[in-house]
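Residue numbering restarts at 1 for every chain, and letters A, B, ... go by the order of the sequence lines. What's counted below: heavy atoms across the whole structure, side chains too, no hydrogens, waters or symmetry copies.
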Protein chains: 2
Amino acid sequence: MEDSRLASVAAAIAEPARARMLCSLLDGKARTATELAIVGEVSASTASAHLARLKTEQLVSMLTQGRHRYYRLHNHDVASALEALLLISNTPKAPFNPNTPHYLQAARTCYDHMAGSVAVQLHDRLFAMGWLQADAGDASQYVLSEQGQQALSKLGMDLPELAKKRRRFACACLDWSERSPHLGGALGAALLILAKKRGWAEQDLDSRRLQISRAGQNAMKDIFGITI
Amino acid sequence: MEDSRLASVAAAIAEPARARMLCSLLDGKARTATELAIVGEVSASTASAHLARLKTEQLVSMLTQGRHRYYRLHNHDVASALEALLLISNTPKAPFNPNTPHYLQAARTCYDHMAGSVAVQLHDRLFAMGWLQADAGDASQYVLSEQGQQALSKLGMDLPELAKKRRRFACACLDWSERSPHLGGALGAALLILAKKRGWAEQDLDSRRLQISRAGQNAMKDIFGITI
DNA sequence: TTCATATTTCGCTCCGGAGCGAAGTAAGGC
DNA sequence: GCCTTACTTCGCTCCGGAGCGAAATATGAA
């Protein structure tokens, strides 16, 4: 029984146009049906059918706003599953594939937080510096130390606001290019917002690429001791 | 580019017969083409074609032994991706689905280690008892404390042998029914072997179900303080 | 060697679903 | 009200690939 559901979910991802749509949504943004038709390289009517299917399979959810219909990934689990599939897709027949653009590996977005080697380094440094630690009660969760709370507040993060959110506070999120975890959850998302606000990083509009500015490179070095 | 690979991998999983085969291999065992034809509910010739496709997509690998050809999941990443897909497949339209058999949630195998609520409780107790702790250098890894090493050695685990293995020593593995981590890696696998050797658990031949014996229930209670 | 079993290859049928454009519906802007 | 834009529904074509059985190939057993 469960395997037939597995098959239908996989089939929903399996169509190239739908795969392109889903990949583009991995950055966490919501897109209109027309935008997704362009990304999927199909006509509007075809895209409409594809999106209907993705919706019934609960891979995306829809939000109507005026005459636009915005689609986004249904939840984090969907994003995780897509990342897991991308991980096993990216070791193809060609045993050595250096085509993957370099900047993508260095810094990109994963759903709504930072990913790539910079994000993995950052994740590890946050632990090494003692800002972050594993939750004693729930090992899959992270919590901020007293020191980490003070430091992030000073950088301009609104921690009380963050604590109010219903979503998971902080957790490991496997990075498919680095095969190591980076920081996910509300804290990971807040960190990306902070980085953009302070001008450390700029998000490309049409890809998952994340541009690290000179100020960002300096900040990484001065605050976290990471050289990019 | 990467999305077309994603689509072809998803398509390989998407066919119901192939999905059944892959699900059956999730327990980590290798199966012959004939066995998988039965699991997939297709003829031998059809199964052969399916298996060829799964192999070129690197989802399974093959091992020839006499006139048998054994197939198994290609690696742990494939198992993880399948589990991630199962996770999002198991929250279907029917919002409340109590059909899932109870014993499957209580204890089952995930690739080569224990999963289900017992495994999740065990994972958490190992931390609470101080046997296991997050690796200081690599937060995604776990290490045994001095106390944990002594206790597991006394239970009959060959830790020096375990340390020799090239595979990841111990790490969190997300449990799709519990949505919490259980123990994966070499230590997780060794724990399952230990449990079977000591007669605590018995693995079903045809499913991922794990039978916990009375001795196993006593051991869980006495050693880890877990009531099943 | 000869037979039985395991697996693949070949030749064929058939169906789901992906594609498009045209027409229909819905929601601003004027 | 009318026009434009956004999106869906309808009607149709067409192709990939899943299905099977028969024959071919390979391996072990007698």
Provide, to the nearest angstrom, the distance between the [atom1] atom belonging to [X] and the [atom2] atom belonging to [N].
X: Ile38(B); N: dT7(C); atom1: CD1; atom2: C1'; answer: 14 Å
X: Met21(B); N: dA18(D); atom1: CE; atom2: C1'; answer: 12 Å
X: Arg67(B); N: dA26(D); atom1: CZ; atom2: C1'; answer: 10 Å
X: Glu35(B); N: dA6(C); atom1: CD; atom2: P; answer: 10 Å
X: His50(A); N: dG16(C); atom1: NE2; atom2: P; answer: 18 Å
X: Leu54(A); N: dG17(C); atom1: CG; atom2: C1'; answer: 14 Å
X: Leu51(B); N: dT7(C); atom1: CG; atom2: C1'; answer: 10 Å
X: His68(A); N: dG28(C); atom1: NE2; atom2: C1'; answer: 9 Å

Pick the nucleotide of DNA chain D nearest each of Tyr71(A) and Glu41(B); which residue has the one closer to the 5' end?
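Result of the comparison: Tyr71(A).
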
Specify the residue among Thr46(B) and Ala47(A) whose closest nucleotide of DNA chain D lies further upstream toward the 5′ end.
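The residue mapped nearer the 5' terminus is Ala47(A).
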
Side-chain N or O of Arg18(B) versus OP1/OP2 of dA18(D): is the shortest distance under 4.0 Å?
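For dA18(D), OP1/OP2 do have a side-chain N/O of Arg18(B) under 4.0 Å.
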
Within the pair Ser43(B) and dC20(D), is there a side-chain N or O less than 4.0 Å away from OP1 or OP2?
yes

May I ask you to check whether over 12 heavy atoms, not counting those of Lys197(B), lie within 6.0 Å of atom NZ?
no

When rounded to the nearest 0.5 angstrom, what distance separates CE in Met114(A) from CG in Leu191(A)?
4.5 Å

Taking for each residue the nucleotide of DNA chain C with the nearest heavy atom, is it Gln65(A) or Arg53(A) whose nucleotide lies nearer the 5' end?
Arg53(A)

Both Glu15(A) and Thr32(B) contact DNA chain C. Which one's nearest nucleotide lies toward the 5' end?
Thr32(B)

Starting the side chain at C-beta, find the nucleotide from dG19(C), dT9(D), dG19(D) nearest to Ala17(B).
dG19(D)

At 4.0 Å (heavy atoms only), tell me whether Ala44(A) reaches a base, stays on the sugar-phosphate, or touches nothing.
base

What is the nucleic acid contact for Tyr70(B), judged by heavy atoms within less than 4.0 Å: base, sugar-phosphate only, or nothing?
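Counting heavy atoms under 4.0 Å across all strands, no contact is made by Tyr70(B).
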
Hey, are Arg5(B) and Glu57(B) close enough for a salt bridge, meaning a charged N less than 4.0 Å from a carboxylate O?
yes

Within-4.5 Å side-chain heavy-atom neighbours: Glu83(A) and Leu26(A)
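Yes, close enough: below the 4.5 Å cut-off.
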
Heavy atoms, side chains only, cut-off 4.5 Å: are Val118(B) and Leu210(B) in contact?
no

